[in-house]
Each structure stands twice: as C-alpha cells, then as structure tokens.
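Accompanying notes for the structure given below.
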Amino acid sequence: MTVVTRFAPSPTGFLHIGGARTALFNWLYARHNGGKFLLRIEDTDRERSTDEAIQAILDGMKWMGLDWDGDPVYQFSRRDRHVEVANQLLADGNAYYCYASKEELAEMREKAREEGRPPGYDGRWRDRDPSEVPEGVSPVVRFKSPNEGSTVIQDAVQGNVTIANAQLDDLILLRADGTPTYMLSVIVDDHDMGVTDIIRGDDHLTNAARQLQLYHALGWDAPRMAHIPLIHGPDGAKLSKRHGALGIEAYRDMGYLPEAMRNYLLRLGWSHGNDEIISTEQAIEWFNLENIGKSAARFDFDKLENLNGHYIREGDNAYLASLVRPVLAQKTGENVTDEQISLIEKAMNGLKERAKSVISLAESSLFLIAKRPLALDSKAEKLLDADAAAILSRVADALEGLSGWEKEMLEATVRECAESEGLKLGKIAQPLRAALTGTTVSPGIFDVLEVLGRDEAIGRIRDAAKSEPTT
RNA sequence: GUCCCCUUCGUCUAGUGGUUAGGACGCCAGAUUUUCAUUCUGGAAACAGGGGUUCGACUCCCCUAGGGGAUGCCA
C-alpha cells in the first residue's frame, strides 16, 4: 500500500517550530516511501481560525521547502460528511444525544476529582429514556464508548500503550449547534483521505485511544500511528505560544536558512548513528520511524546557528547574494542595484566564511556598497593615526603604479611595501582594512582590494590618508 | 486528583548484557593567520537514586524521585 501522510495544523496561530518538525517528519516519511504528503487545515474552530494564520502556515511550509501533494483540504468544508458519519453512529446505536448542561459537567468533574476517579462525563444520558428529554435544550451527540476492557495503541515510536477504557469518557461528536468536533473530523478525514500513517505530537497520544475506539465502532481500519515527543524551550519548559515559541517566519527573519532548519529539526529527535550534517536528499533516503527518540528535546540556538554557518559556507554565491539583497535594502533604506549585488556575489567566498546568518552576511557586505568617504567605526578611526596615514599614502602610490588589478599582484605589492617600511604585514593590513571597509573586521584584505576595484579602492585609501596622488 | 509517556556530558544524541561509554554543539587550551572567522589538534564534561535478575548491567524487571503530556461543546 502506498504511504499517505498528512500534516494537519489548526489555523489558530502561526506555524511554530514543533509543527514545522511534525510537518518535516511527515514529508520525509512520504518522500522516503514514494508516497503522498497531504496538507489539511483543521479550521473547524470557527471562533479562532483566521485567514492570516492559514496564510502563515502555507508560507511557512513553502519556506521550509515542504511541498504537499494536491490542494490543501479545509476541514470545515467537509462538515456535512462529518455529520453524516455521526448520524450513522447514532443509527447504529454507537452514539446518543446528551442534554447535560455545562454546570452539570463541571459538577461531574469536580466530584470525580474528589473521589479519585477518572475525570469526565459520567454517561448519564447514555441509556436514558427519550421521555425525559428537557424542553428547549439542544443536545450534543456523544459517542457511546466502551466502558470495559482497554484500548492498545500500537505506536511506531511509543511502542504499545494500553489505556483502560474506563479512563475514557463519552466524547462529544457533534456540538449543540450541530457542528462536528475535532475528534470526529480527524478520523473521518484521515479515513476518507486514505491516510496510512499518522505522525503527530505525543500530546495526541490519549486522543489516539479515543480515535481507535471510533475507528472500531465504524468498522474502519485505523492508520498506523507514530507519536513524536514535543520540543521544549531552552529552559526545559513546554514550548508554547505563551512561552516564547516563535513562528517559523521569525527564524527566517533571524537569517536562518531553510536547509539548516531542516537539518536541525531532523536531528532534534531523530538520529542516524553519529551523522550530524545531513542533506535533505540524504534525509529522504535515510528517514524512518524506528530512529525517532522517545524523550522530549530542548531547542538549542547555538547548534542551529552552527548548522546555519555550515550551510551558508556551503551555499551557492548567487543564492546567498539574493537572500542578502532584501536585508541590505532594509538596512540601508535604499534600493540595492544589480551592480551592487554582483559585487557582493564576487566577494561572497570571503564573506560567507565568516557569517552565521543571512543577517550577519548582509552586515558584513555593507562596506562593499558604502559611498565614499566611508564612515569609520571607533576602532578603525583609532587605527588610522598620522603614521598610518603616511604609510597608506605610500601604499596608494604603489598601487597606482600597477598595470593590472589581480589579487596576486596586489598582495605582492602590499607585501613589498611592508618590507621596505620594515613593518610586519599586519601593521599595514589593519590600517588598510580600516581605510577600505571602515571597520577592523573583514574578509582577506587582498580580496577586498581586488573586489572593490582600482578606482574605488585607491579612492578609499586616499580618503583615509587624506592624501592626493604625488605625481 | 486520575491516566499515559520520558530520564546517557550544560544541550542534541550513539549505544540494544561484556565498550577506556562514542559523536556533535557549546566551553577551555594550542596550532595556522593580515583582522575576524574558517580549519586543525588536544582537554574538561554523562549513564537520576535504590533494589533485584545475571558470572556480568547504561542496556532486562520493580520501586522512588524528577520532568512532560492528557484530562474542553480547542485542535
């Protein structure tokens, strides 16, 4: 049977990191097995679902590079089908109308707690005579779940998990207003969509038992299940919207690459021996359910950043330049020209070696597109004293005499200057760097010299030396 | 309260009865170097506790502790 997985977020907020990992695992599993990966938007909570959230989820998925098969399924649009199944359950005697009020429910919960019993609805309308139905109360439809025995979840990650049926109360299938609840909708949709494997957070583990009972009552085969552990924040607490969980777009804005996110998230909870750097292609080849860990993991920015640095260093120069472009535009408040981008692309080898994020890549590119005279930071300014100015002036003279402008000859020339001045290369390189970049940190100085080009480079050196050509 | 799950360096993890308990991030030291990074070398750092089972337990069982999840007319 072809594998069919799905990612089923509810659009009540953005796509957070845990959801992104769940989506990734489902995607990898489907791709690994040559199956389908479906997307279903669980928007049955009309109060809290928003179009903005749907858009954020779609955008987040696209950014992560997780493409789904077919069109997204909007759960709310399938409500008639859900009601139909509820009616079938009713007709088969597997469901019933319940007229209990919210107050009664609250009482039941409190009482159960006091008596140390499993909490929940006590089933008072399970077998009640229709003549007792109160006036003017619209009932909910409840599932008549088994009271005896137990339900075993054969989970691909958690192993066999047994839950006593007495622990599970009669859940609501249809609300008083006639709309289906999540518990009903998921199983109907998973069944109708032909989902074979459900991979989701283990906060759904108890739900799984309830859903299994429903599958059983309906005479349907249940999909295979894999409940993956949740991701915690750096402090070990639950990573939730309330606790500083960020939407996936926040990571994009912080300058993380999607390939780094994929690698990091994959490794958070899944392993393949000692492998750390795992490309997406490799991940598709290797991914399985067996190697998913059972314990919750903490999110660690340091490791993400390290991976991000790796993928930036490995990244294609034109690709990186294109990512830098909007950041630069935002930082300078000006439009970035194609010429400037090609300049940055040319300098990319030196730039990307030093970057940990697209943001820092953009920041270190700034000097390339700066206008003369350069603004100097305080350290650069300190470096450019009178002595330095005099030396730079002579360096400018020497460079001006050059017939070409290739890195090798630039380096040879500067080294000669150092030798004739009786100075170590560093004594010239640092002032030169300050003059050319306005800072004390940059790619190799000869690369900078070459990329900047003759006129711009000499101009910047003269600016710093406050000198005119001597000839 | 009730039920379920988890527990190897600070963090992510490998390990499936016999290992000097391995790797990665981070940290520390050193090498390379025109700055910063990269790269390379080395170092400190862990089996939650207690009982069993066994010739032998990180690996199997039980208990305790700690952590997490569920307990909605949310998903």
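We name chains A, B, ... by the order of the sequence lines, and we start the count at 1 in each one.
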Using atom P in both nucleotides, what's the gap between B:C27 and B:U71 to the nearest angstrom?
40 Å
If you measure from the P atom in B:G42 to the same atom in B:G22, how many Å do you get, rounded?
14 Å
Please confirm whether the backbone N or O of A:D169 pairs with a side-chain atom of A:R210, one donor and one acceptor, at under 3.5 Å?
yes
Shortest side-chain distance from A:R313, nucleotide among B:U34, B:U38, B:A75:
B:U38
Hey, is A:H232 stacking on B:G67? Ring centres under 5.5 Å, planes under 30°.
no
Compare the minimum distances between each of B:C4, B:U39, B:C3 and the side chain of A:Q167, then state the nucleotide with the smallest one.
B:C3
NZ/NE/NH1/NH2 to OD/OE distance under 4.0 Å, A:R394 and A:E421
yes
Salt bridge check: are A:R267 and A:D275 linked by an N-O gap of less than 4.0 Å?
no
A:S295 has a side chain; which of B:U7, B:C5, B:U35 sits nearest to it?
B:U7
B:A29 pairs with, by Watson-Crick or G-U criteria that keep both distances under 3.5 Å
B:U41
Taking only the side-chain heavy atoms of A:T44 (C-beta and beyond), determine which of B:U71, B:G26, B:A75 contains the nearest atom.
B:A75
Salt bridge flag under 4.0 Å for residues A:R48 and A:D45
yes
Can you tell me how far C1' in B:C9 sits from the matching atom in B:C61, rounded to whole Å?
27 Å
Could you give the distance separating B:G43 and B:G49 at their C1' atoms, to the nearest angstrom?
30 Å
Roughly how many Å apart are B:U53 and B:G30, using the C1' atom of each and rounding to a whole number?
49 Å
Minimum-distance nucleotide to A:I163 side chain [options: B:C36, B:C4, B:U38]:
B:C4
Quick one: which of B:U34, B:G69, B:U13 gets closest to the side chain of A:R267?
B:U13
Of all the choices, B:U34, B:C6, B:G1, which nucleotide is nearest to the side chain of A:R113 once you look at every atom?
B:G1
What nucleotide, of B:C36, B:U71, B:U11, holds the atom closest to the side chain of A:R298?
B:U11
So, is A:R109 near the phosphate of B:G72, with a side-chain N or O under 4.0 Å from OP1 or OP2?
yes
